[in-house]
Amino acid sequence: MYQYNEQDQNLINARVEQYRDQTRRFLAGEIPDEEFRALRLMNGLYIQRHAPMLRIAVPYGLMNSVQIRKLADITRKFDKNYAHFTTRTNIQLNWPKLEQVPDILAELAEVQMHSIQTSGNCLRNTTTDHFAGIIPDEVEDPRPWCEIIRQWTTLHPEFAYLPRKFKIAVAGSTEDRAATQVHDIGLHLVQNDAGETGFEVLVGGGLGRTPVIGKVIRSFLPKHDLLTYLEAILRVYNLNGRRDNKYKARIKILVNALGTEEFTRLVETEWDIIRATETRLTDEHIARIKGFFEPQPYAADAVDGLAVLENQLADNQEFSAWYERNTRDHKVAGYRAVVVSLKPHLKAPGDITDVQLDAVADLADKYNFGEIRSTHDQNLVLAHVAAGDLYQLWQSLRDQNLARPNIGTLTDMIVCPGFDFCSLANAHTLTVSEQINQKFDDLDYLHDIGDIKLNISGCINACAHHHVAHIGILGVDKNGEDFYQITLGGSSREDASLGKIIGRAVPQADVANTIEKVLQVYIDNRTDDERFIETVRRIGVAPFKERVYAPVN
Amino acid sequence: MPLLINRVVTEDSWLLVDEDNLSTHLNEDIVVPYELFAAEQEQLLSAEGGLGIRINGDQDLNLVLQNLDKLSLVTIEFPAFTDGRGFSFARILRRSGYSGQIRAEGDVTRDRLEYMERCGFDAFAIPADRFDETMVNAFGEVSVHYQGCADDERPIFRQ
């Protein structure tokens with residue numbers, strides 16, 4: 001992974017001291033609330049329902065064991081012994097003290113971490129595929145490009161006060177695990193007819209109040225032009241995006257208002273002026289950054305573990321169930337990628353304790369070259385585990401309650417913190433995810449239902465991406481009571497689509513029962529190997545609606 | 001209103017005029033609001049004194065760009081500190097070859113000075129109640145720059 005040099009380190013150290021001084025001046029009354037709000041948000045600090053919340057950046061979801069141990073330590077010293085992983089692959093601390101944040105940042109800087117631009121109306125953390133670099137059919141590893149973008153976005157002087165937040169995601173293969181089509185900018189690594197690598201560029205996707213799928217504005221951007229093109233898009237947005245209404249300020253609204261063609265024309269006109277400037281990438285820089293993402297030193301004899309593994313799988317059904325759901329192919333024979341489930345029974349999805357963090361760091365050192373990844377679905381990935389180590393790893397993860405075999409199933413939900421923590425939320429989410437967990441605890445049933453994506457957002461801001469879930473649940477407030485609106489048929493993958501509302505919102509007590517009815521319609525209608533989303537697309541929403549709202553006898 | 005030019009507190013030598021007193025001061029060093037400039041272009045461009053224009057993010061920068069060689073001052077207004085359009089205005093002015101003064105005015109306070117300077121501003125009119133002499137320390141708080149900008153077009157990989 002990328003290692004800071006002296007300049008990178010100097011930059012974050014200076015940023016810590018700058019923020020320390022900003023905090024000091026705020027506490028001394030020298031900075032008005034509203035102005036400090038913008039400054040602290042740009043450094044990841046929210047004021048929430050109970051306490052401030054600090055969001056720490058995990059650039060493109062990649063960490064090492066030293067960083068994970070530091071995070072564990074920070075949750076002990078400054079918080080309540082746990083942290084929360086988000087859909088931007090970042091980490092949130094729910095109970096830090098505002099006055100202590102500069103000290104937390106100083107500790108993070110020791111392990112090359114920070115919270116720069118994890119919130120606010122600026123360029124946010126760039127995300128990517130959590131299986132980057134290990135997929136057989138990848139055009140190219142997207143992470144070097146994410147690092148190039150990370151550097152360009154960090155403390156960008158011109159784009160720090162955008163109309164609204166701005167998120168970029170990069171995908172390196174035809175499978176899209178980074179929800180690139182619902183980002184402000186989605187970048188797809190592609191090859192042209194000449195065999196050159198470049199990017200397909202999508203703009204104006206997004207969720208929130210106005211969910212939109214991004215539009216392709218350029219089918220092939222030569223790789224050296226990546227940053228100049230991003231600069232052109234951002235300048236057009238910074239100058240033309242709406243600033244009179246925060247709900248109309250995202251780039252998706254601008255793209256829709258101008259039309260894709262006109263928006264593209266503005267970008268290309270600007271790009272013509274700047275494409276040959278110093279910002280154009282050099283071969284040397286690309287090669288230097290790629291050098292940090294070389295393949296791990298895989299053992300040639302890892303394939304020997306396959307025979308052992310086969311016996312272990314045959315002997316242990318529990319292990320076998322975990323292997324089926326929570327591991328996947330690696331391009332190097334004898335290795336597999338392991339998803340560490342942060343979706344245990346009756347615990348907040350995405351949460352992890354200090355003890356679990358330390359354990360994951362140790363396991364990463366022992367079995368995974370010290371590397372840990374966080375995913376868009378709020379889980380962790382150990383991407384390079386030798387076949388012969390899987391059984392021991394599974395046992396250790398199980399001891400830590402990190403091996404629930406539910407990846408990609410109904411209980412692998414994306415859930416925002418909801419009303420319990422968030423000051424924007426209209427409704428609780430954690431109670432609903434608990435209810436669903438209680439109702440659908442039977443493993444055979446879950447595995448029979450198979451691949452399904454269920455997401456729960458506590459308000460219309462859609463932090464849990466309910467619009468692009470196969471089953472989306474949106475919490476709404478009706479005269480002080482929590483109700484839940486259900487959508488079906490969404491996807492954030494390469495076949496991206498927005499879910500359709502099936503009818504009036506249901507009361508909190510009825511959510512799991514409603515989901516059960518929806519699943520029953522699927523079971524009654526599915527053909528052979530048809531996945532839930534495929535059945536919904538084939539038969540439409542009507543049969544589901546009919547069952548859910550059928551009069552009770 | 002305290003004025004910083006090139007990081008030094010300086011007396012303002014420019015006079016802001018409106019349509020009522022324009023004729024009195026036509027041949028002095030004057031700053032003209034955008035609408036007045038648009039209306040009185042011919043007269044202003046042939047006057048003897050220095051000429052400045054005051055513009056905000058809602059107005060058309062092209063009018064300024066078309067007259068760059070006649071202008072010695074461009075004042076960019078920030079109606080709110082969150083309005084980032086001025087940063088791009090300054091950047092575009094500098095890349096178009098403009099070397100006169102670019103002044104930030106309005107909601108201009110310490111924690112944006114460094115970014116503004118990088119984008120090409122060299123003058124800052126700061127509300128008196130938000131001014132103090134230690135503000136100049138804001139420049140260069142973070143000396144490592146990943147991106148090229150108006151102060152140095154080279155990004156870190158070309159430095």
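Below, chain A is the first sequence line, B the second, and so on; all start at residue 1.
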Structural part of [X] lying under 4.5 Å from a heavy atom of chain B:
X         : answer
Ile289(A) : neither
Leu234(A) : neither
Arg25(A)  : side chain
Glu284(A) : neither
Arg280(A) : both
Glu6(A)   : neither

Got Arg243(A) and Thr82(B) here, is their nearest side-chain heavy-atom distance under 4.5 Å? no

Are any of the side-chain heavy atoms of Ile273(A) and Arg95(B) separated by less than 4.5 Å? yes

With the threshold set at 4.0 Å, does a side-chain nitrogen-carboxylate oxygen contact exist between Arg112(B) and Glu35(A)?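 Salt bridge: yes.
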
Using a strict 4.0 Å threshold on nitrogen-to-oxygen distance, state whether Asp21(A) and Arg110(B) make a salt bridge.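 Salt bridge flag = yes for Arg110(B) with Asp21(A).
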
By a 4.5 Å heavy-atom criterion (distance strictly below it), what part of [X] contacts chain A: side chain, backbone, both, or neither?
X         : value
Asp132(B) : neither
Glu117(B) : neither
Leu61(B)  : neither

Evaluate the side chain to side chain contact (heavy atoms under 4.5 Å, CB included) criterion for residues Arg235(A) and Ile92(B): first the C-alpha distance (whole Å), next the side-chain angles of each, then the deciding distance (0.1 Å), finally the verdict. CA-CA 10 Å; Arg235(A) 189 164 293 130; Ile92(B) 292 169; 4.1 Å; yes

Got a donor-acceptor contact below 3.5 angstrom from the [X] side chain to the [Y] backbone?
X         : Y         : result
Asp111(B) : Leu39(A)  : no
Arg130(B) : Ile31(A)  : no
Arg158(B) : Thr282(A) : no

Mark yes when over 12 heavy atoms from residues, nucleotides or ligands other than [X] sit less than 6.0 Å from its [atom1]; otherwise mark no.
X         : atom1 : answer
Lys248(A) : NZ    : no
Arg37(A)  : CZ    : no
Glu262(A) : CD    : yes

If you round to the nearest 0.5 Å, how far is [atom2] of [Y] from [atom1] of [X]?
X         : Y         : atom1 : atom2 : answer
Leu239(A) : Phe89(B)  : CG    : CZ    : 6.0 Å
Cys119(B) : His156(A) : SG    : NE2   : 8.0 Å
Thr154(A) : His145(B) : OG1   : NE2   : 12.5 Å

Hey, which of Asp107(B), Val144(B), Asp83(B) has the most heavy atom pairs under 4.5 Å with chain A?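 Highest number of pairs under 4.5 Å: Val144(B).
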
Only pairs of heavy atoms separated by less than 4.5 Å count here; which of Glu141(B), Arg154(B), Arg91(B), Gln147(B) has the most with chain A?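 Heavy-atom pair counts peak at Gln147(B).
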
Which atom of [X] lies closest to which atom of [Y], heavy atoms considered:
X         : Y         : answer
Pro157(A) : Phe87(B)  : O-CD2, 3.4 Å
Thr279(A) : Phe157(B) : O-CZ, 3.6 Å
Asp8(A)   : Tyr146(B) : OD1-OH, 2.5 Å

Name the option with the most non-hydrogen atom pairs under 4.5 Å to chain B; the candidates are [options].
options                         : result
Arg15(A), Gln22(A), Gln7(A)     : Gln7(A)
Ile274(A), Asn238(A), Leu162(A) : Asn238(A)
Leu227(A), Leu155(A), Asn13(A)  : Leu155(A)

Evaluate salt bridge (Lys or Arg N to Asp or Glu O under 4.0 Å) for Glu158(A) paired with Arg94(B), printing each intermediate quantity in order. CA-CA 13 Å; Glu158(A) 185 180 347; Arg94(B) 289 300 181 212; over 6 Å; no

Using 30° and 60° as the class limits, which term best fits the ring planes of Phe81(B) and Tyr161(A): parallel, tilted or perpendicular?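 Perpendicular.
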
